[in-house]
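Working notes, beginning with the structure itself.
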Amino acid sequence: MGAVIFRNALVLTMDDTHTVLPGTDVLIVDERIAEIGVGLTAPEGAQEIDATGGILMPGMVDTHRHMWQTAMRGYGADWTLTQYFVWYYLESGRHFRPEDIHAGNVLAAWEALDAGVTTTVDWSHGLQTTQHADAAADALGAVPGRFVLAYGNIQQGPWEWSAAPEFRDFVSRRITGNDLLGFQMAFDVTGDPTFPEKAAFEVARDLGVPVTTHAGVWGATNDDGIRLMHEHGFMTPQTVYVHAATLAPDSYHRIAATGGSVSVSTESEQSAGQGYPPTWALREHGIPVSLSMDTSVWWSGDLFSAMRTTLGADRSRMHMQAHERNETVTHVHLRAEQVVDWATRGGSRALGLDDRIGSVQTGKKADVVLLKNDASPVMFPILNPYGHVAFQAQRGDVHTVVVNGRIVKQDGRLVGFDAAKVRGDVERTVEHLIAVMGPEAWEKGMNPDVPETKVTDNPYTYTDWDAGSAQ
Ligand SMILES: [Zn+2]
């Protein structure tokens, strides 16, 4: 694989003390970060990348993304969670064939790499058969990123699909300890007092794999699910709770006490309505946080927007609450540095990968991102590097991306991305979905009714313009 050396970077190491190193070289040899320092000697044949004026940081980690849904990118821009459930779960989602899962995953995977997201959890809950699952795994294996396949199937109860022999067979065939493809089980806990999900948790325990679950989702999952998981001993440090936005303090205590973490999808929570983005509550309860994008059926898969909206939501709530008390906030709690940590270390810790990725440190796997764009007026001056990453930089400033020592984006262009092939596959999926749903239903799904907005009576209106023009 050889060696790559970044020269003269501003390095955000994101190590435990958040060391920032100006004017520093980072040497990568094979899969790992070999050396960090000033004026390093590179081995012969090393690829040199001038990082002057740029920020070198760990690759970002998205802990919850329904990658298959990327085939319908942007379709649900004006949806609520209710419309998502109706249209994606009950309508279009049912019609996904294995090749459609493949097309969505490949597109989503490249999209993540393009944005500097080197590890993505594919929260893959459209796996109606193991042929679908094989297609999902094939797609993740075909793109040079690091992925965790979170296996799920919304068309069945988790106690059903997880008990099927072909599921066990899939796990033993496809999950082989490859560092680039991790595994989780993905299902939700409805709060049914008979706790039918118990059987699926037992399978996860038996396989020794973590569970990721949409918890605290308004109108869908609530404190009962958390209580049942806790009472049966299924809340572990590896458990990832997605959203956790509509929960009582008792549930946050149970999550904190058992060492689990929460994947916050701020853009999703704000538009879809799972509940207010809960970073304020998670901070209060000392619960570890990672960030996620949820689905490209609404948003794109870049964590710059996650960092930005998460800071905005946390601060906005604080100001709003203070104003209601006729008070002024003079200092904000949530800092840019913290969301950069959540986008990197937060994810590596949540996934149990922190010994391998999440920071730029000697000996770790080389998953790194160079933000540099000499042509952009937004990329200088870089005075506050954390603030720059969270509020200034964007996908177009991702200059170089390295995953496991391999350059997957260079000089702003993805390496090995066959756009024509990926586009063709996705177009065939879209054609298939329109054909099975019918053009009318397809249009209707994309354009839900707009509720009427009542315009408040305005006491300053005294001129009747319409009456005048009508005469
Ligand atoms: Zn989700």
Side-chain angles (χ1 to χ4, degrees), residues 61-77 79-90 92-93 96 101 104-105 108-109 111-112 117 119-128 136 147-155 158 184-190 197 200 210-222 225-226 239-247 260-279 282 289-303 305-306 309-310 313 342 346-347 350-351:
V61 181
D62 182 333
T63 52
H64 150 244
R65 188 153 172 244
H66 309 294
M67 292 172 74
W68 60 289
Q69 298 182 345
T70 307
M72 286 171 65
R73 177 188 300 291
Y75 179 93
W79 278 352
T80 59
L81 195 61
T82 305
Q83 284 151 351
Y84 168 75
F85 287 152
V86 170
W87 286 100
Y88 226 126
Y89 283 19
L90 303 178
S92 50
F96 269 65
I101 298 274
N105 269 22
E111 177 188 356
V117 178
T119 299
T120 304
V121 173
D122 178 21
W123 221 102
S124 195
H125 56 350
L127 305 180
Q128 302 177 58
F147 302 101
V148 174
L149 177 63
Y151 192 115
N153 174 8
I154 40 173
Q155 306 300 339
Q184 295 179 333
M185 284 171 63
F187 57 89
D188 298 343
V189 182
T190 62
E197 298 86 1
V211 169
T212 176
T213 186
H214 292 109
V217 172
W218 179 263
T221 57
N222 58 33
I226 296 287
T239 311
V240 177
Y241 306 86
V242 175
H243 304 304
T246 312
L247 293 174
S261 66
V262 169
S263 174
V264 177
S265 307
T266 304
E267 275 194 288
S268 182
E269 288 132 26
Q270 288 185 314
S271 268
Q274 292 90 342
Y276 200 89
T279 48
L282 303 174
V289 176
S290 63
L291 301 181
S292 61
M293 290 312 300
D294 206 347
T295 171
S296 293
V297 81
W298 273 273
W299 313 278
S300 64
D302 80 82
L303 287 177
S305 56
T309 50
T310 301
W342 287 345
L351 302 179

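In this text the structure is predicted, and so the values were computed from the model without any measurement. Counting starts at 1 for both ligands and their atoms, following the listed order.
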>> According to side chain to side chain contact (heavy atoms under 4.5 Å, CB included), who are the partners of S271, at least two apart in sequence or on a separate chain?
In response: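 Side chain to side chain contact (heavy atoms under 4.5 Å, CB included) check on S271 returns W298, W299.
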>> Rounded to the nearest 0.5 Å, what separates atom OG1 in T80 from atom CD in Q83?
In response: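 That separation rounds to 3.5 Å.
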> Knowing that exactly one of Y241, F187, W123 qualifies, which makes a ring-ring contact (aromatic ring centres under 6.0 Å, His included) with H214?
Replying inline: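 Only match with H214 under ring-ring contact (aromatic ring centres under 6.0 Å, His included): W123.
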>> Just to be careful: counting only protein atoms that are N, O or S, how many fall under 2.8 Å of the Zn ion (ligand 1)?
In response: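 Considering protein N, O and S only, the Zn ion (ligand 1) has 4 within range.
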>> Testing the 3.5 Å rule here: is there a donor-acceptor pair between the side chains of T310 and T279?
In response: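 No - no donor-acceptor pair under 3.5 Å links their side chains.
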> Checking side-chain hydrogen bond (donor to acceptor under 3.5 Å, both in side chains) for the pair S296/R65: CA distance, chi angles, key distance, verdict?
Replying inline: CA-CA 8 Å; S296 293; R65 188 153 172 244; 2.8 Å; yes
> Under 6.0 Å between the ring centres of H66 and W68?
Replying inline: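 No: the rings miss the under 6.0 Å criterion.
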